[in-house]
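This report concerns only the one structure given below.
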Amino acid sequence: MAKYLKHYYVDADAPSTYVTTSTEPKYKRHPIEHAGLDVKVWLSDSDGIDVMLAQVPDSTTITTVTVGSKKGVEEITETEFNTVWTPYEQAMTLYAEANTAERDGDTDTAATKNTAGDAKIAEATTAIRAL
């Protein structure tokens with residue numbers, strides 16, 4: 001089993017500062033304070049700020065961190081995770097198929113697969129922004 005979390009990057013020079021605004025730190029990192037952090041999804045919130053979904057072992061404690069109107073870290077349910085993960089994973093498959101088609105010279109199939117992948121990323125982005 002696993003737990004799921006939504007998180008923003010952390011300012012590497014100020015580890016208790018989550019990057020939830022357009023101000024970019026010199027260095028940023030994932031919140032490694034969460035043992036076993038396995039980042040699965042990288043997208044952006046409605047302000048264009050990087051936001052990720054990750055899995056952690058059941059034994060990892062997830063404490064919600066609120067930064068202004070956003071949560072730098074928050075636990076989400078498996079169902080919430082899957083509303084983003086499913087279209088995100090489908091998009092990655094479509095993009096891989098597009099690359100293969102393009103390598104094989106089939107630009108029409110590549111274009112169709114890329115367009116379908118873009119639609120799935122838009123679906124995943126809408127879902128992550130709704131969390």
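As the structure is a prediction and not an experimental result, all values here were calculated from the model.
We find the NE2-CD distance between His7 and Glu75 to be 14.5 Å, quoted to the nearest 0.5 Å. To the nearest 0.5 Å, the span separating CD on Glu97 from CG on Asn114 amounts to 10.5 Å. Rounding to the nearest 0.5 Å gives a distance of 13.0 Å between NZ of Lys71 and CG of Leu5. To the nearest 0.5 Å, atoms CD1 (Ile121) and OG1 (Thr126) are separated by 11.0 Å. Interatomic distance, Lys40 NZ to Glu89 CD, rounded to the nearest 0.5 Å: 9.0 Å.
When the side chains of ILVMFWY residues are joined at heavy-atom separations under 4.5 Å, either directly or via intervening members, Leu94 and Trp85 end up in two distinct hydrophobic clusters.
When the side-chain contact (heavy atoms from CB on, under 4.5 Å) test is applied to Asp45, the partners found at least two apart in sequence or on another chain are Tyr8, Asp47, Ile49, Val51, Lys70. Shown here are the side-chain hydrogen bond (donor to acceptor under 3.5 Å, both in side chains) partners of Asn82, two or more places apart in sequence or in another chain: there are none. For Thr60, the side-chain contact (heavy atoms from CB on, under 4.5 Å) partners are His34, Ala35, Val56, Pro57, not counting sequence neighbours. Here Lys3 pairs with nothing under the side-chain hydrogen bond (donor to acceptor under 3.5 Å, both in side chains) rule; sequence neighbours left out. Looking at residues two or more places apart in sequence or on another chain, you find no side-chain hydrogen bond (donor to acceptor under 3.5 Å, both in side chains) involving Thr93. Every residue two or more places apart in sequence or in another chain that forms a salt bridge (Lys or Arg N to Asp or Glu O under 4.0 Å) with Arg29 is listed here: Glu33. In this structure, the ring-ring contact (aromatic ring centres under 6.0 Å, His included) partners of Tyr4, at least two apart in sequence or on a different chain, are Phe81. Qualifying side-chain contact (heavy atoms from CB on, under 4.5 Å) partners for Thr112, counting only residues two or more places apart in sequence or in other chains: none. Remark: Asp50 pairs with Lys28 by the salt bridge (Lys or Arg N to Asp or Glu O under 4.0 Å) rule, at least two apart or across chains. Under the ring-ring contact (aromatic ring centres under 6.0 Å, His included) criterion, Tyr9 pairs with His30, sequence neighbours left out. A search for side-chain hydrogen bond (donor to acceptor under 3.5 Å, both in side chains) contacts involving Gln90 returns Lys120, not counting sequence neighbours.
Using a distance-only test at 3.5 Å, with no hydrogens or angles considered, no donor-acceptor pair links the side chain of Thr86 to the main chain of Thr83.
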Could you list the donor-acceptor pairs under 3.5 angstrom formed between side-chain atoms of residues 11-20 and any protein atom two or more places apart in sequence or on another chain?
residue: Asp11; atom: OD1; partner: Asp13; partner atom: N; Å: 2.9
residue: Asp11; atom: OD1; partner: Ala14; partner atom: N; Å: 3.4
residue: Thr17; atom: OG1; partner: Ala14; partner atom: O; Å: 3.4

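Here the shortest heavy-atom pairing between Ser46 and Arg129 reads N-NE, 3.4 Å. Nearest approach of Ala54 to Leu37, heavy atoms of both residues: CB-CD1, 3.5 Å. Of all heavy-atom pairs between Gly117 and Ala91, the closest is O-CB, 3.5 Å. Nearest heavy atom pair, residue Val67 against residue Gly72, reads CG2-N, 4.3 Å.
Within the 4.5 Å cutoff, no side-chain heavy atoms of Val39 are placed close to those of Leu53.
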Yes or no on side chain to side chain contact (heavy atoms under 4.5 Å, CB included) for Val84 and Ile76, after CA distance, side-chain angles and deciding distance? CA-CA 11 Å; Val84 179; Ile76 60 173; over 6 Å; no
